[in-house]
Amino acid sequence: MNSSDDDNEYKKLVMVLCHDLNNSIGIIKNSIKLIRKMGEHPHPKFPPTMDKIERAIDNVNELVTSIKDYEAIKNGKKEFELEDVPFDDIINHTMFMFQDKAEEKDIKLIFINEIPSETFLKIEPTSFKNSVISNLLSNAIKFTPRDKSIEIKGWVDGDQIMISVKDQGIGIPQELIDKLFNPNEKTTRDGTGGEKGTGFGMPLVKLYLNKFNGDIRVESKEKDKHPEDHGTTMVLNLPIVKE
Ligand SMILES: Nc1ncnc2c1ncn2[C@@H]1O[C@H](COP(=O)(O)OP(=O)(O)O)[C@@H](O)[C@H]1O
Ligand SMILES: [Mg+2]
């Protein structure tokens with residue numbers, strides 16, 4: 001067997017694994033729900049242990065979903081119907097999805113829309129909201145300490161729509177930035193509140209953006225090197241499509 005056969009074999013294994021894991025994940029999640037309905041166990045460690053199990057299984061679920069999505073997009077099995085979407089739709093959805101999570105960490109979300117109302121994003125809205133923006137924002141919240149703010153901004157630059165997610169978090173070291181979009185590299189770190197990750201988010205974000213004819217770039221100042229002024233800005237560009 002040559003190395004490409006090896007690769008294919010390995011990929012098949014991963015996909016079978018993901019598929020089979022899905023069933024077990026479903027069973028665990030339903031069982032957690034059922035146990036919660038039974039009421040609280042008197043042992044003081046019961047509630048935090050249940051929370052831990054739930055977080056761990058959500059994490060496994062996220063990983064499996066990301067791998068499946070990544071493979072489906074890469075193999076062209078996932079088709080995209082691009083639509084004209086106003087940036088305000090993205091803002092409203094993001095606010096709805098992340099306001100509570102940000103408030104839990106006393107982080108303020110600031111939205112700025114400078115995109116003219118007659119200019120639309122040409123995207124597949126569900127994946128843009130739930131896989132692109134949501135991953136950027138959950139990272140921003142995860143790596144930002146309490147009491148800071150995160151800015152989500154849209155504007156036009158020449159023939160491109162630009163969207164940035166800017167945080168005042170711990171920043172990303174250059175050697176990690178270099179690996180950020182590679183699904184085969186380990187990039188995941190715990191968040192400032194101990195939040196866990198999979199390291200699959202950013203490769204997926206880039207893959208989606210490329211499918212929407214756009215791209216992403218990273219600007220970051222590490223906290224250790226810039227103690228006064230640190231944070232990460234993810235800058236997306238999407239072409240303005242003339243009808
Ligand atoms: N806004 C950010 N601030 C600091 N580090 C980040 C940020 N976004 C991404 N990273 C780094 O890149 C890693 C990979 O991100 P991602 O692919 O979304 O995976 P995950 O969030 O599951 O760890 C993160 O674990 C973190 O180390
Ligand atoms: Mg992430």
Side-chain angles (χ1 to χ4, degrees), residues 14 18 21 25 52 54-74 93-94 97-98 101-102 104-111 127-153 162-211 214-236:
V14 171
C18 283
L21 273 175
I25 291 168
K52 227 188 234 173
E54 193 154 34
R55 246 180 294 144
I57 200 65
D58 282 346
N59 201 248
V60 176
N61 196 18
E62 194 185 316
L63 180 62
V64 168
T65 310
S66 302
I67 295 175
K68 283 194 343 202
D69 279 0
Y70 191 88
E71 285 304 322
I73 301 167
K74 264 236 130 123
H93 183 263
T94 310
M97 292 297 287
F98 284 96
K101 219 175 167 190
E104 270 172 33
K105 257 180 129 174
D106 288 317
I107 290 172
K108 197 171 150 207
L109 299 182
I110 302 163
F111 294 93
S127 34
F128 191 80
K129 289 174 192 166
N130 296 324
S131 299
V132 176
I133 292 292
S134 77
N135 189 55
L136 298 183
L137 211 63
S138 72
N139 283 349
I141 294 173
K142 185 154 69 168
F143 295 101
T144 297
R146 305 188 77 85
D147 292 321
K148 302 277 185 188
S149 54
I150 295 168
E151 183 196 274
I152 299 96
K153 183 177 166 183
M162 312 297 294
I163 295 168
S164 63
V165 177
K166 180 177 178 183
D167 67 49
Q168 302 170 319
I170 59 170
I172 315 177
Q174 186 58 47
E175 60 273 20
L176 206 61
I177 293 182
D178 296 340
K179 300 176 184 165
L180 209 55
F181 301 110
N182 184 343
N184 302 317
E185 294 276 6
K186 184 191 173 298
T187 56
T188 193
R189 298 180 289 174
D190 286 356
T192 55
E195 303 98 319
K196 298 284 174 206
T198 62
F200 238 94
M202 294 305 293
L204 203 54
V205 165
K206 191 175 173 84
L207 207 58
Y208 272 115
L209 278 165
N210 291 164
K211 288 286 169 190
D215 211 344
I216 176 168
R217 103 185 123 76
V218 186
E219 293 165 7
S220 195
K221 281 189 191 161
E222 266 182 278
K223 191 174 176 221
D224 293 348
K225 292 187 181 155
H226 305 266
E228 297 299 321
D229 166 34
H230 53 86
T232 301
T233 308
M234 298 287 176
V235 188
L236 317 183

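When a ligand or atom number is given, it counts from 1 through the structure's own listing order. Scope of the values below: all heavy atoms of this structure, side chains included, with no hydrogens, waters or symmetry mates.
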Is there a donor-acceptor contact under 3.5 Å from the side chain of Lys105 to the main chain of Lys142? yes
Quick one: does Gly169 get within less than 4.0 Å of ligand 1, heavy atoms only? no
Among non-hydrogen protein atoms, atom 3 (N) of ligand 1 lies closest to Phe143 CB, 3.4 Å
Applying side-chain contact (heavy atoms from CB on, under 4.5 Å) to Val14 and Glu71, what does each step give before you reach the verdict? CA-CA 10 Å; Val14 171; Glu71 285 304 322; 5.9 Å; no
What I want to know is whether Glu62 and ligand 1 share at least one N or O pair that is separated by under 3.5 angstrom. no
Verify side-chain contact (heavy atoms from CB on, under 4.5 Å) between Asp215 and Asn210, making sure each step is shown before the conclusion. CA-CA 6 Å; Asp215 211 344; Asn210 291 164; 3.6 Å; yes
Using a 4.0 Å heavy-atom cut-off, which part of Thr232 comes near ligand 1: side chain, backbone, both, or neither? side chain
Should one rank Ile177, Asn139, Thr198, Thr187 by closest heavy-atom distance to atom 22 (O) of ligand 1, which comes out on top? Thr198
Taking atom NZ as the centre, does Lys223 end up with more than 12 heavy-atom neighbours from other residues, nucleotides or ligands that are less than 6.0 angstrom away? no
For Asp167, which part has a heavy atom under 4.0 Å from ligand 1: side chain, backbone, both, or neither? side chain
Basic-acidic side-chain contact under 4.0 Å: Glu195, Lys101: no
Have a look at Gly201, Gly191, Gly199, Ser138 and point out the one with the heavy atom closest to atom 20 (P) of ligand 1. Gly199
Please check if atom NZ in Lys166 has more than 12 non-hydrogen atoms from other residues, nucleotides or ligands closer than 6.0 Å. no
Near Leu176 (heavy-atom distance under 4.0 Å), the atoms of ligand 1 are 27 (O)
The answer for which part of Val205 has a heavy atom under 4.0 Å from ligand 1 is neither
Ligand 1 and Ile170, any nitrogen or oxygen pair closer than 3.5 angstrom? no
Donor-acceptor side-chain pairing of Ser127 and Lys211 below 3.5 angstrom: no
Under a 4.0 angstrom heavy-atom cut-off, which atoms of ligand 1 come close to Leu180? 12 (O)
Touching ligand 1 at all, Gly171? Heavy atoms, strictly under 4.0 Å? yes
Within Ser138, is some N, O or S atom less than 2.8 Å away from the Mg ion (ligand 2)? no
Under 2.8 Å from the Mg ion (ligand 2), can any N, O or S atom of Asn139 be found? yes
Between the main-chain N or O of Ile150 and the side-chain N or O of Lys148, is there a donor-acceptor pair closer than 3.5 Å? no
Could you list which atoms of ligand 1 come closer than 4.0 Å to a heavy atom of Asn135? 18 (O)
Scan Asp69, Asn135, Val132 and name whichever one has a side chain to side chain contact (heavy atoms under 4.5 Å, CB included) with Leu204. Asp69
Among Lys142, Arg189, Lys186, closest by any non-hydrogen atom to atom 11 (C) of ligand 1: Arg189
Can you sort out which atoms of ligand 1 are near Met202, meaning under 4.0 Å from one of its heavy atoms? 15 (O), 16 (P), 17 (O), 18 (O)
Keeping the roles fixed (side chain from Arg146, backbone from Glu104), state whether a donor-acceptor pair exists under 3.5 Å. yes
For atom 10 (N) of ligand 1, what's the nearest protein heavy-atom neighbour? Residue, atom name and distance, please. Ile172 CD1, 3.7 Å
Gly197 heavy atoms within 4.0 Å reach ligand 1 at atoms 20 (P), 22 (O), 23 (O)
Under 3.5 Å: donor-acceptor pair, side chain of Ser164, backbone of Val235: no
